Number of protein chains: 2
Amino acid sequence: MIADNNMSDSQSARALAPRRHGEILRRLVSDGTVSITELADHFDVSRQTIRRDLKHLAERGQLDLVHGGATLFEPTEAAFTERRGENASAKASIGRAAAALVRDGMVVFLDSGTTTLAVAHALADRKNLTICTTSLSIALQMCRQPQVRVHMLGGEIDPAEEAAVGIDALEAISHFRVDVAFLGGGGLSPDGEVTDFTRNGAEQRSRMTATAGKAYFVLDSSKFGRLTPLRIPRFELAAGVIVDRRPPEAICEALKRKGPIVIVAE
Amino acid sequence: MIADNNMSDSQSARALAPRRHGEILRRLVSDGTVSITELADHFDVSRQTIRRDLKHLAERGQLDLVHGGATLFEPTEAAFTERRGENASAKASIGRAAAALVRDGMVVFLDSGTTTLAVAHALADRKNLTICTTSLSIALQMCRQPQVRVHMLGGEIDPAEEAAVGIDALEAISHFRVDVAFLGGGGLSPDGEVTDFTRNGAEQRSRMTATAGKAYFVLDSSKFGRLTPLRIPRFELAAGVIVDRRPPEAICEALKRKGPIVIVAE
DNA sequence: AAATAATAGTTACATTATGCAACATAAATA
DNA sequence: TATTTATGTTGCATAATGTAACTATTATTT
């Protein structure tokens, strides 16, 4: 009756490669990692076979091989992504405070930086927003949200910020009418000014401060008293600074004299 | 064709081909894969018969043959992140072929799309490149590579492509002198033209084709013969198309008449 | 820190399963 | 009866998997 070869009587037929591949990828996204031993056990095949599967998937860029198994594929680790974890809860609370200032339908500018990324997170489920940003991560994240329109300001990418800088980005700013801008900064100096690391960055933030309906600087407490080389011109036009805890009294005083209010999150 | 069949004795009677086909497809959509051994067992027919069934269904585009069985064929345009895995090895080989055309020091434009993302992967360890792109993912990935300068062309982000489109991106193109451009497309029509889904996309690719020193369209074989609504003007100025296997003869002939060469990867 | 054991990776080759093509058979059709 | 169509059978080429000996890496112990 059953022609072809003999056997195939033993147990359930061996899973074909694509089945294993699918399951492996499913486990990866749910667990983050897979182990060769576990997989070989689970599929009842040799480790060598699993190794070949993983190698195959790795060649397609679907995962990263590690000793003993594989992990989710991450294009490359960068300084930026590492910074992301630092002071995460402070940034999240700043993000929520910032989001509270945004109403549906607004045009929002989001600067590059990990704190502004937290603001983006907090805005993720808002309706009918228009986001302008120079940050690749923010653009990528926000464009995946329904009901959010995203404009990326182009230009040369600064690898440290993973964001557009330079003349193109500067000029693009002038094309937009922005209701509210959330800007980062390198430090909050003792005399109540936000300072920056680069000339380009300072100029960009200065222009946005002057252009936006309201501009807020978002700064976690690690920036208090830190000095970086460049002043941000026209900083006094900013509407306020949003921080995770109250800055030293001297800084508060200085800020009060200049104009921007201090918003302490949570 | 099918005579009236009163046999219907029991299910021991051999299923007719259309019955098997229906069941095979039903199993496919429920399980994602089918195995020849299992099916032969289930229908009590020879493996060769199942092979012929699967081949028949594959020719009609209803499934994809794999060693030992078949998998679901997904012709629909899935969301970008889901599309990433599809046809991954074809895209990887196209990526390598494309990278072989790039020499250190060049200015390279990379269009949006999953195939161009594969080109970016293949270029990742090159030295001293300048990358221009409209794709957020490509910009993010390449800016993490040392020795690579990245320019992001700004504009409104199309969520489906996760890339900048529209007037800003169009204008930004004219600022660059590009040595080689790798462009995507919606389909490779039977009369040897690359076609696109949107007017903006077609215009952008057309301009880049005319501007770049050399422009190549990267297309995996799922695009062969596919018709999408918009022609890409000046397509005949392209240097070539890079594909993962040789297109049907008619398409090759048509391309030959127009000008662009055909590069078959791997 | 050096030595050791345990685990994992590599390579090469043996074994098994699958694919393919050519031909054979049986039923349905003309 | 001849012809077509679907299926079965066989033999060989190819691909996937298993196995074993050996090397490399990681963990543990001293």
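In this text, all values refer to a predicted model and were calculated from it rather than measured experimentally.
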Report the distance from atom [atom1] of [X] to atom [atom2] of [N], rounded to the nearest whole Å.
{"X": "A/D44", "N": "C/dA17", "atom1": "CG", "atom2": "C1'", "answer": "16 Å"}
{"X": "B/R51", "N": "D/dT9", "atom1": "CZ", "atom2": "C1'", "answer": "12 Å"}
{"X": "A/R20", "N": "D/dA15", "atom1": "CZ", "atom2": "C1'", "answer": "13 Å"}
{"X": "B/F43", "N": "D/dG8", "atom1": "CZ", "atom2": "P", "answer": "12 Å"}

request  = Report the residues that fulfil salt bridge (Lys or Arg N to Asp or Glu O under 4.0 Å) with B/R52, sequence neighbours left out, ordered by chain and then residue number.
outcome  =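 Testing B/R52 for salt bridge (Lys or Arg N to Asp or Glu O under 4.0 Å), a comparison that skips the adjacent residues, returns none.
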
request  = Would you indicate which nucleotide in C/dT18, D/dT7, D/dG18 comes nearest to any side-chain atom of A/V45?
outcome  =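 Of C/dT18, D/dT7, D/dG18, D/dG18 is nearest to the side chain of A/V45.
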
task = Consider the side chain of A/D53, meaning its heavy atoms from C-beta on, and name the nucleotide among D/dT17, C/dG19, C/dT10 that approaches it most closely.
result =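 The answer is D/dT17.
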
request  = Please list, chain by chain and in numerical order, all residues satisfying side-chain hydrogen bond (donor to acceptor under 3.5 Å, both in side chains) with A/T198, sequence neighbours excluded.
outcome  =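 Checked A/T198 against side-chain hydrogen bond (donor to acceptor under 3.5 Å, both in side chains); zero matches.
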
Listed partners of [X] passing side chain to side chain contact (heavy atoms under 4.5 Å, CB included), at least two apart:
{"X": "B/R149", "result": "A/E156, B/T130, B/H151"}
{"X": "B/E249", "result": "B/R246, B/C252, B/E253"}
{"X": "B/R245", "result": "B/S221, B/F224"}
{"X": "A/A122", "result": "A/A99"}

Sequence neighbours excluded - ring pair (Phe, Tyr, Trp, His ring centres under 6.0 Å) pairs with any residue from residues 239-259 of chain B =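 As it turns out, there is no ring pair (Phe, Tyr, Trp, His ring centres under 6.0 Å) pair with a partner in residues 239-259 of chain B once direct neighbours are skipped.
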
request  = Please tell me which of B/K55 and A/V66 maps to the more 5' nucleotide of DNA chain C, matching each residue to the nucleotide holding its nearest heavy atom.
outcome  =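 Nearest-nucleotide comparison on DNA chain C picks A/V66.
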
Distances under 3.5 Å only, N/O to N/O: pair up the protein atoms with those of nucleotides 19-29 of chain D.
none

ask   = Through what angle, rounded to 10 degrees, does the axis of the helix from C/dA1-D/dT30 to C/dA30-D/dT1 turn between its ends, using five pairs per end?
value =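 One end axis against the other gives 30°.
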
task = Answer yes if the side chains of B/S206 and B/T209 hold a donor-acceptor pair under 3.5 Å, and no otherwise.
result =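 No, no side-chain donor-acceptor pair sits under 3.5 Å.
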
message = Just N and O in the side chain of B/T37: are any of them under 4.0 Å from OP1 or OP2 of C/dT18?
response =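 For C/dT18, OP1 or OP2 has a side-chain N or O of B/T37 closer than 4.0 Å.
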
